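Letters A, B, ... mirror the listed sequences (proteins, then strands); counts begin at 1. Every value quoted in this text rests on a predicted model; they were computed, and no experiment measured them.
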Protein chains: 2
Amino acid sequence: MANSPTGDSVTDRLVRVLETFTPTRTVQTAAEIGRRAGLPSSTAHRVVGDLVAAGLLDRDGDGRVSVGLRLWALATRSSHALRMRQAALPAMERVQARVREHTQLAILEQDEALFLERLSHPEAGANITRIAGRLPLHAASSGLVLLAFADRAVQERVLTRPLRRLTAATPTDPATVRRTLAEVRRLGHVIAPGYVDVVSTGVAVPVRDAAGRATAALSVVLPREAPTALALEELRGAARAVERALGAG
Amino acid sequence: MANSPTGDSVTDRLVRVLETFTPTRTVQTAAEIGRRAGLPSSTAHRVVGDLVAAGLLDRDGDGRVSVGLRLWALATRSSHALRMRQAALPAMERVQARVREHTQLAILEQDEALFLERLSHPEAGANITRIAGRLPLHAASSGLVLLAFADRAVQERVLTRPLRRLTAATPTDPATVRRTLAEVRRLGHVIAPGYVDVVSTGVAVPVRDAAGRATAALSVVLPREAPTALALEELRGAARAVERALGAG
DNA sequence: TTCGGACTCCCGTTCAACGGGAGTTCGCTC
DNA sequence: GAGCGAACTCCCGTTGAACGGGAGTCCGAA
């Protein structure tokens, strides 16, 4: 029946189906989903029907479906993301007001940096990241602090896999990244010029828990050659504020 | 096998499991989940294990589990909630800066008002609603505008079911609510004194689509006897801004 | 009118999920 | 430290729900 050799439970497939949706592809037909998830047509239609019935997908006027609000409502029961966001927002607003550039909050998820929140500044330039967007840990400034203060196991896993190059400046040599991580641990911050986007520099600091691990990263995206001192100072203060808020909450 | 008589697919059960989590109960043991979802012990443990493997639940140090970040990441592929939130946030920030009270964004979901976002004001009092929280449509000011500009079918469904009383002031007579809805349609806003919480008054306006239906509601929570004129004016402006942003986006 | 794609329905096959039950671990109480 | 209960894991025979090939419908484009 299942032609796929490795573990393919109903739950796995559900996740696969949901993952066919991306920020730029938010509505699809059942047939498209089936093709992308590798399901036979009749199965795809049945599964999509089930998910619509359960409210995890919404069917619009025509046959097209999108990820359902129900799922959003269920997901917000995720205490971690929500609590982190709540704890960080006030501090992020302060940073953004002073630095007047994009201010971001990211966490480590599935060996990538997942951006939970972003405050944009109208005067600031364009920005690649978006809420719920992801970037590789070795490239984004947020990712580097997350990685620097993560479990050794995560570091090994990430560094033994090929490191994707986003720009000419992206470090893709594991040894280089290792040196950067050591430096990050020493300084408590990272400055990543052009790693993600040639015209901008990311500045990031960790939000750490009692055990010293980074539970999140706060970052600011500056123009490539802009001074970083103010951003760094603000981020440090914000990180401490978030740590206090998490401890208190 | 399935002892439950009515439709009980794997997907349904997955949703039931996730729904055992609430904003105040964000971590549970597998056994607790099983009890609350009405599953036999061995099944509960197996199912929870599967969900953890799929990343939809996270297991912490001990045996306890919480809703996984993975789910959050999947859910944010829900274009509707995310786009609405993005479109509304700037306008909400303006309202909050001027009115200096809790400012909220809600949408209609599963015949309830689902709060997508809330900006709290430190000077403002306590507030019942929370992000991802829900309130009945006939009680919350947001709910009333959502209901007033919703499909007739939704209105009938809601009004033919018993209307829950939250405070002495909550309207629970369908005829009264109908009159209120007509009024809301005429005025384009609603003022709900004490319906949800005796000490506060909700003021809400609809964000409408091209067809005139409410796609969301913006609201402000004021102290019970506070003047509402400023809030109303700000909300109206904000709603128009959100409508423009949605149209442009 | 034909063609192709999206979708629905049907139905025989089959295997993965089911859950009872036994066993293990842990922490608490007396 | 014996006894107890709860949480959890593992095993395994049963079975019915999910599977998916295939045929049929609908619709729009060529």
What is the distance from [atom1] of [X] to [atom2] of [N], rounded to the nearest Å?
| X | N | atom1 | atom2 | result |
| --- | --- | --- | --- | --- |
| A/Asp12 | C/dA17 | CG | C1' | 14 Å |
| B/Ile33 | D/dA6 | CD1 | C1' | 16 Å |
| B/Asp60 | D/dA7 | CG | C1' | 14 Å |
| A/Arg64 | C/dG5 | CZ | P | 18 Å |
| B/Asp50 | C/dA16 | CG | P | 13 Å |
| A/Leu39 | D/dG21 | CG | P | 11 Å |
| A/His45 | D/dC19 | NE2 | P | 15 Å |
| A/Leu14 | C/dA17 | CG | P | 13 Å |

Distance check: side-chain N/O of [X] vs OP1/OP2 of [N], anything under 4.0 Å?
| X | N | answer |
| --- | --- | --- |
| A/Arg46 | D/dC19 | yes |
| A/Thr43 | D/dC19 | no |
| A/Arg13 | D/dC19 | yes |

Would you say [X] has more than 12 foreign heavy atoms packed within less than 6.0 Å of its [atom1]?
| X | atom1 | result |
| --- | --- | --- |
| A/Arg240 | CZ | no |
| A/Arg36 | CZ | yes |
| B/Arg164 | CZ | no |

Go through the steps for B/Ser142 and B/Gln104 under the test side-chain hydrogen bond (donor to acceptor under 3.5 Å, both in side chains), then give the verdict. CA-CA 8 Å; B/Ser142 308; B/Gln104 309 174 325; 4.5 Å; no

Let's see if you can work this out: which of D/dC8, D/dG21, C/dC18 has an atom nearest to the side-chain heavy atoms of A/Pro40? D/dG21

OG of A/Ser219 to NE2 of A/His102: how many Å apart, nearest 0.5 Å? 11.0 Å

Roughly how far apart are B/Asp197 CG and B/Thr167 OG1, rounded to 0.5 Å? 8.0 Å

Helical bend (five base pairs per end, nearest 10°) for the helix from C/dT1-D/dA30 to C/dC30-D/dG1: 40°

Output yes when a side-chain donor or acceptor of [X] lies under 3.5 Å from a complementary backbone atom of [Y], and no otherwise.
| X | Y | result |
| --- | --- | --- |
| A/Thr170 | A/Leu166 | yes |
| B/Arg165 | B/Thr172 | no |
| B/Glu19 | A/Leu74 | no |

Please encode protein proximity along nucleotides 21-29 of chain C as a string of B, S and -, counting only heavy-atom distances under 4.0 Å. B--------

What is the per-nucleotide protein-contact pattern of nucleotides 24-29 of chain D, from the 5' end, where B denotes a base atom under 4.0 Å from a protein heavy atom, S denotes such proximity for sugar-phosphate atoms only, and - denotes neither? ------

Side chain to side chain contact (heavy atoms under 4.5 Å, CB included) with B/Thr11: which of A/Val47, A/Leu56, A/Val52? A/Leu56

Test salt bridge (Lys or Arg N to Asp or Glu O under 4.0 Å) on A/Glu117 and B/Arg85 and set out the steps. CA-CA 12 Å; A/Glu117 187 56 85; B/Arg85 210 193 77 95; 3.3 Å; yes

Mind checking if B/Arg35 touches a base, just sugar-phosphate, or nothing, with heavy atoms under 4.0 Å? sugar-phosphate

Any ion pair linking B/Glu109 and B/Arg134 (charged N to carboxylate O, less than 4.0 Å)? yes

